Structure formats: C-alpha cells, structure tokens
Chemist: 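Below are the structure tokens for one structure; questions will follow.
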Amino acid sequence: MSSVITAWKRLPWWVEPMTIVGVLTLFGLYSTVVIVFAGGQYEEYISPFFSFTATMETPAWAPAFITAPMLLLWIPLGFRATCYYYRKAYYRAFFWDPPACGEDAQNHDQPWRKDKSDYRGERALFVLNNVHRYFFYASIIVVAWLWYEAFRTVFTADGFQIAVGSLIWFVNIVLVSAYTFSCHSFRHLIGGNMNCYSCTKGGNARRKLYNGVSRLNARHPQWAWYSLFSLLITDIYFRLMMAGVITDFKIIGG
Ligand code: FES
C-alpha cells in the first residue's frame with residue numbers, strides 16, 4: 001500500500017486534481033440517476049442511497065422532481081460538501097484555487113482574479129461550509145440507521161443468515177462510520193476543545209477518546225475515498241441483484 005502511495009506522489013501534480021474531478025463528477029452523475037429514477041429496496045436489502053426513505057412516499061406538497069431519498073440525502077451530501085478534506089480536494093480540482101501545493105494560483109489562467117489580494121476566502125455561498133459541525137450531528141442519525149439496515153440483512157424475516165451482500169453492507173457501514181467519526185469537528189468536540197484534561201471530571205477518559213479519534217483522523221482523507229467507493233460498490237451490487245444479473249450467495253442460513 002505504501003509503495004502505491006509513494007508511486008502516486010511521484011506523478012505530476014495535476015494528476016491528482018484531474019482524477020478528483022473525474023471521480024466526483026462520475027459519483028455525482030451516478031447518484032443523481034439512482035435517486036431520481038431507481039428503486040431502493042430489494043428483499044432484505046436497502047440501497048445506501050435510499051437509507052430510511054426506501055419505503056417512504058414523497059409528500060403531496062413536494063414538487064414532482066423531488067423523490068423520497070432527496071428528503072434525507074441532503075444530510076450526507078452536505079456533510080461531504082462541507083468536509084474540511086473534501087473542501088481542499090474540490091477547491092483544488094474544480095476551482096484550481098490553488099491547483100496544488102506550491103502551485104500559485106497566479107501562475108494559472110484565472111481571469112476572475114486581478115491579483116493575490118483579490119482572494120475572497122469562503123464567502124457568499126461557501127460561507128455555508130461553516131455549518132459543517134451541524135451536518136456532523138445530523139449524520140450521526142444517518143449512520144445509526146445504516147447500521148440498523150446492515151443488521152437487517154442478517155436478521156431477516158426468514159431467520160438468521162449471512163450472505164455476500166450482508167458482508168458488503170457491513171464493510172460499507174464500517175467505512176462510512178470511520179469517515180464520519182474521523183471528522184475534525186468530532187475530534188474537536190470529543191477533546192480538542194479542552195485545555196486541561198486533568199482539571200476536569202472524566203478528563204482521562206476524554207483524553208483517551210481524543211487520542212483514539214486523532215489516530216482515526218490522521219487517515220481522514222483515505223476514509224473519505226474508501227467510504228465513497230464502498231457506497232458505490234454497495235449500490236452497484238444492489239442494482240445487479242435487483243436486475244437478476246447476480247444471485248446473492250448465502251454463506252450461512254437461507
Ligand atoms: Fe471531513 Fe468533518 S472534516 S467529515
């Protein structure tokens with residue numbers, strides 16, 4: 001793994017932003033098609049894009065283009081869009097602002113910027129990035145529900161079973177949880193906001209928790225990508241089962 005990372009770092013600087021543009025664009029297109037046109041439940045499985053909303057009716061007051069998953073998906077979407085890591089990634093990839101470390105934005109063609117003092121930071125629409133911690137709070141509910149749906153794949157109406165699909169659902173929720181709880185906002189909340197652990201009741205437990213979250217947080221960018229790909233793979237597996245292209249192989253039970 002480390003040799004792959006080393007080889008990746010040796011590539012020209014523009015490979016990373018261009019790859020991010022490609023991956024995020026494809027993910028955006030795929031998820032849009034799924035939530036607008038596709039179904040979300042097949043036997044005991046719920047697509048991760050339809051979590052909680054798979055059996056919901058769209059409310060009568062909603063415009064025709066609104067589908068049930070959209071009522072909830074703004075939470076994980078907002079959580080990722082305001083994530084400190086993804087912000088760095090998409091500012092570089094989509095806005096080239098700057099395109100990479102050591103690549104001054106002024107070296108590139110950015111006609112909207114007169115000079116360096118023209119940098120406006122996160123204003124206008126991007127000021128919403130500051131509500132990241134609230135998206136984190138809401139995401140905890142989504143993560144809890146995804147855990148529930150993963151357990152539903154093993155404790156079914158026909159009894160206990162473990163299938164390839166259940167394993168995929170569990171791997172997905174483990175990766176989504178690792179991404180969610182390696183969040184910088186959670187790290188701050190759990191102990192980063194304290195000046196003195198020994199001065200507070202339960203301070204030692206919080207220090208240990210903070211150290212654990214810090215270890216998870218060190219790999220936050222990796223969790224961000226692993227969980228994005230696992231969401232995609234889980235949903236593709238779901239669609240293939242639904243279309244009858246593959247049969248879910250039962251390892252235990254069934
Ligand atoms: Fe990335 Fe919070 S910083 S999810």
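All figures in this text were calculated on a predicted structure; none of them were measured in a lab. One-based numbering along the sequence shown. Order of listing sets the numbers, starting from 1, for every ligand and every atom in it.
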Chemist: Looking at OG1 of T153 and CD1 of I168, how far apart are the two atoms once the value is rounded to the nearest 0.5 Å?
Modeler: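 If I round to the nearest 0.5 Å, the distance is 10.0 Å.
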Chemist: Which of the atoms of ligand 1 are close to F79, meaning less than 4.0 Å from one of its heavy atoms?
Modeler: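 In order of number, 4 (S).
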Chemist: Taking backbone and side chain together, does H220 place any N/O/S atom at a distance below 2.8 Å from atom 1 (Fe) of ligand 1?
Modeler: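 Yes, H220 qualifies, because one of its backbone or side-chain N, O or S atoms lies under 2.8 Å.
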Chemist: If you count the atoms of ligand 1 from 1 in the order shown, which ones are under 4.0 Å from a heavy atom of C83?
Modeler: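 This gives 1 (Fe), 3 (S), 4 (S) as the contact atoms.
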Chemist: Using side-chain heavy atoms (C-beta onward) and a distance below 4.5 Å, is Y86 in contact with I20?
Modeler: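 The answer is no, as the side chains (C-beta and beyond) never meet within the 4.5 Å cut-off.
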Chemist: Is it the case that over 12 heavy atoms from other parts of the model lie below 6.0 angstrom from the CE atom of M194?
Modeler: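 Enclosed: over 12 neighbouring heavy atoms sit under 6.0 Å from CE of M194.
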Chemist: Ligand 1 versus H132, non-hydrogen atoms closer than 4.0 Å: side chain, backbone, both, neither?
Modeler: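 It is the side chain that gets close, since no backbone atom is under 4.0 Å.
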Chemist: For Y86, which part has a heavy atom under 4.0 Å from ligand 1: side chain, backbone, both, or neither?
Modeler: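 None of Y86 does.
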Chemist: Quick check: are there more than 12 heavy atoms from other residues, nucleotides or ligands sitting under 6.0 Å from OH of Y148?
Modeler: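 Counting other residues, nucleotides and ligands, OH of Y148 stays at 12 neighbours or fewer.
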Chemist: Does the cation-pi check pass for R87 over Y84, that is, NZ or CZ under 6.0 Å from the six-membered ring centre and within 45° of its axis?
Modeler: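 Geometry flag: set, cation within 6.0 Å and 45°.
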Chemist: Closer than 4.0 Å to some heavy atom of Y84 - which atoms of ligand 1 meet that?
Modeler: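 With Y84 as reference, the close atoms of ligand 1 come out as 1 (Fe), 3 (S).
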Chemist: Regarding C183, does it place an N, O or S atom less than 2.8 Å from atom 2 (Fe) of ligand 1?
Modeler: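 So C183 counts as coordinating atom 2 (Fe) of ligand 1, yes.
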Chemist: Tell me the contacting part of F136 for ligand 1: side chain, backbone, both, or neither, using a 4.0 Å heavy-atom threshold, strictly below.
Modeler: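 It is neither; nothing of F136 touches ligand 1.
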Chemist: Compute both the distance and the angle, then confirm whether R80 meets the cation-pi test with Y179: under 6.0 Å from the six-membered ring centre, within 45 degrees of the axis.
Modeler: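 Satisfied, under 6.0 Å and within 45°.
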